[in-house]
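These notes concern the structure reproduced below.
These numbers were taken from a predicted model, which means no experiment stands behind them.
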Amino acid sequence: MDSPNSDAASKAREYGNFLYKAGDLPKAEQVYSQGARLAPQDIRFPANLSCVKFELGHYVDAASHLEHALSLVDTQSDATMVQKLHVRLVKAYLLSHKFDEARAAISNITAEQDRRPLEQSLQSMEAVEALYRDKKPLWSQVFQRLSRYRPKLADDVEFSPVGRDVASSVFGSFLAESNQQDYSFLFPNVGDARDVFATLTDIGQRAGTKYSLSLKKYYFTLVDLKSAAFARDLLMFRMLADCAVELGIERQVTLATLAYTFAAHIMPPWAYDRLQTAIHHVLDEIQRNVPLIMGHFCIDATTRNSISNHLLNWQEPPADWYGTEGILNSVRRQLVEKERIKRQRRTDITPETVRGVAAKTCLPGCEADSICTLSFQDLSFMLPSVLLIRDIEPGLSELAQLGMERNDSLPNVNFTPQEVAHDLFYHVNPRNIAPNCEGALEHLMGFFSFVGKWYHKTRDQTMFKLVIDDVVNSMELREQGLLNHDHPSFPDRYDGIHMSCIPDYVGGPLTILLHGTPILRHDKASNITFTIALNQEQWATRDNFLVDYLLLANHSTVTDTFGISLAEKRSYIDDVISGGHLRSDEALMKCPLTLSRTSYEPLARTDLMPRQELERWLYMHFLRICLPFRRIDTLSHSVFTPSNTIIFFRLLMHLPRIGYPPHWLSGVLASMCTGEITTQARAPRAKIIREAEAERKYPQRSISIRPFIEEFKTLLVIWRRLLPFGLLQDESQLPAIDKIREYKLRFTWPETLTSVYHPVITLVFWDVGTNGAIPRHGLREALLDDEEANPKYRDIARRPGCVHVISTVKFDSITKTASFWLTDAPIQDMVSAGSHWEAYIFDTNTWVILSEPVRVNRTNLARGDVWSHI
């Protein structure tokens with residue numbers, strides 16, 4: 001090499017090294033490439049290029065540069081550097097799942113301490129891939145066996161008869177203006193279908209000014225856990241179809257029956273008879289096994305049978321405890337309870353309510369002092385309209401005209417017809433949909449009259465698919481291509497997803513972004529809409545809400561990390577307030593949130609979080625899952641931290657999609673498996689709702705996570721094959737998959753704990769023999785290993801095998817049995833002779849014990865099947 005080229009190559013190498021250390025990898029790649037052209041025989045340039053490509057996560061390119069570098073090795077080459085190149089080559093092959101190439105490359109590593117761990121990683125990766133060559137069986141096992149949320153102690157109610165949120169459409173102007181020929185919408189937890197009706201209403205209104213919308217195709221996928229919800233929704237759609245072709249009093253009766261079915265607790269006999277007619281028609285189609293119910297409802301055989309059972313039951317007279325007197329008494333009791341909860345509620349943040357602006361105008365006739373409202377408060381049922389009273393129940397005319405004399409009691413229910421009507425018209429001008437209406441019933445009839453007309457006009461262009469499933473499970477099945485395709489015309493991606501208030505129950509926006517974003521359409525504008533029903537007062541602003549759940553400080557970072565942005569700009573919020581969309585006592589968080597997809601492409605390197613910052617963020621999430629901070633005045637209806645450790649693995653699956661190098665994530669997992677992490681993150685000490693709190697960096701320190709490590713390693717072994725990257729790990733720290741087994745343990749707890757409905761439960765195994773008695777009100781401080789840890793228990797968190805905390809648990813509330821999956825080793829230690837371990841159920845909102853202790857021994861702890869046989 002001549003001197004000028006030699007000098008230029010040397011400068012290029014020095015400058016490239018400077019850029020690499022500064023983190024400017026794209027520029028460093030350019031400089032190293034220039035140097036390689038100047039000095040093609042210099043092994044250092046392809047070696048340095050392999051470092052750049054490896055750090056970028058481009059492992060195939062890194063391997064190519066490494067092979068080139070190794071081809072330049074001669075007797076003058078540094079032996080230590082050559083061995084480092086072989087090690088990096090094996091890692092590149094493992095991370096890109098090129099196992100044959102990795103095996104060949106391993107043979108060139110001479111140092112035992114370098115070769116042996118890589119051989120073990122290769123063997124484990126090959127064994128897992130051989131066991132699950134097709135990932136679908138493993139996905140099915142995960143769906144069936146592992147809960148995604150912390151368990152609850154009480155059984156579910158049959159289904160919620162009336163939704164909590166305001167009705168909102170997913171058909172925005174961006175869709176109305178697009179030139180696409182079909183639209184696909186997903187409604188998880190469809191419930192009473194209010195958001196489906198709102199979407200149909202929105203499309204109908206827009207079609208009035210844009211005729212082409214009435215010619216396009218609309219696909220609705222409706223998901224709910226309860227087939228009873230679908231049974232009622234089908235009856236609603238049956239009567240909507242009927243009312244569009246009926247006339248006179250017959251049509252009025254159908255519309256009134258729709259209103260009573262949707263928003264009332266009891267109904268008049270003539271409405272009950274009309275409902276029976278609808279039940280007969282729907283049952284007839286199901287029993288005749290017509291391919292599409294009502295011509296456009298796609299329902300599989302299992303779901304049809306379940307719906308049919310409900311309809312058959314509803315044809316029978318109600319049981320005594322469903323009688324009118326019992327319902328009315330329940331109505332009154334629920335009003336008292338609703339007011340008690342409202343008075344008892346405590347929040348850390350004063351709600352941001354609308355101040356100094358006009359309150360939202362109530363629907364005509366639904367004001368607090370209206371006859372409609374006062375009569376409901378006195379009678380606890382909704383009176384028919386004047387027209388229907390005159391023609392069908394004239395005996396009620398005198399009662400309706402008197403307006404009722406008020407009594408001293410203040411009855412209440414979980415919902416009132418006036419509240420339901422208000423929620424249906426939240427985003428709709430009643431003058432456009434139900435003009436000249438007075439009171440709740442007339443507005444409800446007017447609303448369904450409009451929906452029925454549009455539904456009738458577009459029946460040939462509209463398809464519905466009903467799916468009985470958990471919300472997140474159905475979205476994940478869709479993402480993995482595991483949903484049944486019993487009607488091939490349905491698109492597999494969605495223009496809009498309306499989550500209703502599901503985020504309240506499944507872990508906030510983090511869960512819905514991880515599961516919802518992948519199934520949005522990526523080639524067109526698409527969005528996710530949801531509401532906050534349970535905890536509106538907990539956040540003053542939407543920014544507070546997003547920071548609390550995502551632990552990201554600003555909108556730009558949220559957009560980069562999840563490929564979404566808040567669709568509503570500040571001007572929208574201003575319009576909400578100035579336009580009076582909120583009543584004067586309502587929190588701003590009542591307004592639905594819409595997140596629009598911005599991109600699904602990997603981020604540029606400069607847009608990624610630095611590696612240390614990413615690690616801090618991931619550790620923040622893990623510590624938040626394991627050690628949520630104590631909330632003192634938590635009520636049974638509030639939900640804050642329902643996610644279990646599963647969500648951490650879903651987050652790891654998401655990050656490579658947006659460009660984070662897999663070896664960064666593999667490094668995080670390897671560090672966690674040691675039982676200690678070195679970090680500037682801490683378990684939350686209060687709500688993290690402000691930018692400064694999310695960005696706070698504590699002093700770097702080593703933190704023990706040993707109380708949670710056995711569950712973590714068990715789940716890592718199960719999820720390993722599903723992660724989109726190879727795992728470079730000390731294999732001796734991980735159990736074999738055939739050593740993971742299901743275990744069951746039966747508990748006792750007071751009957752009063754059936755009120756603990758929401759998922760806030762953690763299973764704790766405590767070594768009484770070593771630790772002494774469990775701190776009944778200070779367990780969180782005992783599990784902490786930071787500045788706020790209880791000195792009395794500090795060694796417990798740091799000492800291996802003294803306490804095991806399990807968040808991924810299922811509960812059978814009838815038998816009071818907890819079931820969970822765990823590796824055999826810690827179980828054998830707990831049941832060995834001379835040991836004294838006890839199991840407890842803890843409430844992670846308050847960190848107090850909910851159950852009596854259960855001795856952990858071979859008698860009480862039932863062993864189930866292994867996860868999989870190798």
Side-chain angles (χ1 to χ4, degrees), residues 163 166-178 180-187 190-222 232-247 250-259 261-263 278 282 292-298 363 420-421 423-437 442-466 495-496 498 529:
V166 299
S168 57
S169 168
V170 292
F171 191 78
S173 57
F174 73 99
L175 288 177
E177 299 303 321
S178 73
Q180 63 195 80
Q181 295 304 306
D182 63 79
Y183 302 93
S184 180
F185 306 110
L186 173 64
F187 293 85
V190 67
D192 62 10
R194 60 177 54 198
D195 300 313
V196 178
F197 297 141
T199 300
L200 289 170
T201 301
D202 190 7
I203 295 172
Q205 285 186 292
R206 295 178 188 274
T209 57
K210 188 175 182 180
Y211 176 72
S212 61
L213 290 175
S214 63
L215 304 176
K216 298 188 177 184
K217 292 283 188 180
Y218 302 92
Y219 297 92
F220 293 80
T221 300
L222 314 183
R232 192 177 75 159
D233 292 343
L234 284 175
L235 298 178
M236 295 290 294
F237 278 102
R238 174 72 234 190
M239 290 187 287
L240 283 171
D242 291 342
C243 76
V245 296
E246 293 171 338
L247 299 173
E250 183 182 20
R251 184 170 185 272
Q252 292 299 308
V253 168
T254 299
L255 288 172
T257 304
L258 279 162
T261 303
F262 190 81
V282 174
L292 295 173
I293 303 299
M294 288 183 271
H296 53 188
F297 278 88
C298 180
L363 295 175
V420 176
D423 288 343
L424 283 183
F425 283 89
Y426 197 86
H427 294 293
V428 176
N429 188 332
R431 291 192 297 271
N432 297 335
I433 302 300
N436 305 318
C437 288
E442 289 188 10
H443 278 94
L444 289 165
M445 291 171 64
F447 178 85
F448 288 117
S449 176
F450 183 90
V451 175
K453 288 177 182 177
W454 173 246
Y455 173 59
H456 178 70
K457 288 180 181 178
T458 60
R459 288 186 69 181
D460 292 339
Q461 290 92 256
T462 306
M463 289 288 296
F464 294 88
K465 183 174 183 177
L466 307 188
D495 296 283
H498 198 300
T529 299

Could you walk me through whether Gln205 and Ile433 satisfy the side chain to side chain contact (heavy atoms under 4.5 Å, CB included) test, starting with their C-alpha distance in whole Å, then the side-chain angles of each, then the deciding distance to 0.1 Å, before giving a yes or no?
CA-CA 9 Å; Gln205 285 186 292; Ile433 302 300; 3.6 Å; yes
If you apply the rule side chain to side chain contact (heavy atoms under 4.5 Å, CB included), what do you find for Arg194 with Val420, and how did you get there?
CA-CA 10 Å; Arg194 60 177 54 198; Val420 176; 4.2 Å; yes
Please give me the minimum heavy-atom distance between [X] and [Y], naming the atom from each residue.
X      : Y      : result
Ser214 : Gln461 : O-NE2, 2.5 Å
Met294 : Leu234 : CE-O, 3.5 Å
Leu444 : Ala263 : CD1-CB, 3.6 Å
Ala198 : Ser169 : O-CB, 3.7 Å
Arg206 : Ala176 : CD-CB, 3.8 Å
Lys216 : Gln181 : CB-O, 3.6 Å

With a sphere of 6.0 Å drawn around CG of Asn429, does it hold more than 12 non-hydrogen atoms of other residues, nucleotides or ligands?
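Atom CG in Asn429 is crowded, with more than 12 foreign heavy atoms closer than 6.0 Å.
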All side-chain hydrogen bond (donor to acceptor under 3.5 Å, both in side chains) counterparts of Asp195, not counting sequence neighbours
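His498.
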Any residue meeting side-chain contact (heavy atoms from CB on, under 4.5 Å) with [X], in chain and number order, not counting sequence neighbours:
X      : result
Ala434 : Phe425, Cys437, His443
Ser449 : Arg251, Leu255, Lys453
Asp460 : none
Ala244 : His456

Chi angles and distances behind the side chain to side chain contact (heavy atoms under 4.5 Å, CB included) call for Phe297, Leu466
CA-CA 7 Å; Phe297 278 88; Leu466 307 188; 4.2 Å; yes
Go through the structure and list residues passing ring-ring contact (aromatic ring centres under 6.0 Å, His included) with Tyr218, not counting sequence neighbours.
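For Tyr218 the ring-ring contact (aromatic ring centres under 6.0 Å, His included) partners, ignoring immediate neighbours, are Tyr183.
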For the pair Asp495 (side chain) and Ser184 (backbone), establish whether a donor and an acceptor sit closer than 3.5 Å, ignoring hydrogens and angles.
yes
Are Phe197 and Phe448 near enough that their ring centres are under 6.0 Å apart?
yes
With a 4.5 Å cut-off on side-chain heavy atoms, are Trp454 and Thr201 touching?
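Of all side-chain heavy-atom pairs linking Trp454 with Thr201, none is under 4.5 Å.
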